[in-house]
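Numbering of ligands and ligand atoms starts at 1, following listing order.
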Amino acid sequence: MSLSQDFDRRFLLGVPAMDDTHREFAELVDRLEGTDTVAFTERFQALVRHTADHFQNEERLMCECGFPAIAEHKGEHERILGQMMHMLTALKRGRTALARAFVTEQLPPWFEQHAATMDSALAARIKVQALGPAVAPVSLKLEV
Ligand SMILES: [Fe+2]
Ligand SMILES: [Fe+2]
């Protein structure tokens, strides 16, 4: 199954800033399939740029909402982005098969798991914060 297929049911988190980016990510991954080497290289480069922005935006959201597991989440972003950069280097050295295998075998399951765990936890935190004072503990101002 492609990543874009049935996207809403599988991946929607309820935070538009994250959902829009994730939908673009899924489409960029899907667009790599069935391409020749030149198109694959160009599209993979575009995916790496998009992913770097995707992670940077999420890390900003984590800071803004005081996400407790920021180090783990950021570490996971760095790990997968490092692998993608490694694959970009491999592509430029003509190792297309290696990069194609990464895209079909490793990237989709990584995204499925990451979206369902770390991104889902971040989205939950953002949604609770967005509810604001309605769910925050009530503080009483007493006139003395
Ligand atoms: Fe994400
Ligand atoms: Fe993430």
Name of the His54 N, O or S atom nearest the Fe ion (ligand 1)?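 Closest to the Fe ion (ligand 1) among those atoms: NE2.
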
Identify, by name, the N, O or S atom of Asp119 lying closest to the Fe ion (ligand 1).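 Answer by atom name: OD2.
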
Would you mind naming the N, O or S atom of His73 nearest to the Fe ion (ligand 2)? NE2

How is the N/O/S atom of Glu58 that comes nearest to the Fe ion (ligand 2) named? OE1

Is it true that Glu64 and Arg60 have a side-chain N and a carboxylate O under 4.0 angstrom from each other? yes

I'd like to know if Glu112 and Arg10 make a salt bridge, using a cut-off of under 4.0 Å between side-chain N and carboxylate O.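 A salt bridge links Glu112 with Arg10.
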
Donor-acceptor pair, distance only, cut-off 3.5 Å: does the side chain of Asp19 make one with the backbone of Leu12?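 Not at all, since once roles are kept as given, no pair shorter than 3.5 Å links the two residues.
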
Is there a donor-acceptor pair under 3.5 Å between the side chain of Arg43 and the backbone N or O of Arg31? yes

Any N/O/S atom, backbone or side chain, of His114 lying under 2.8 Å from the Fe ion (ligand 2)?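 Yes, since at least one N, O or S atom of His114 sits under 2.8 Å from the Fe ion (ligand 2).
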
Answer yes if the side chains of His22 and His54 hold a donor-acceptor pair under 3.5 Å, and no otherwise. yes

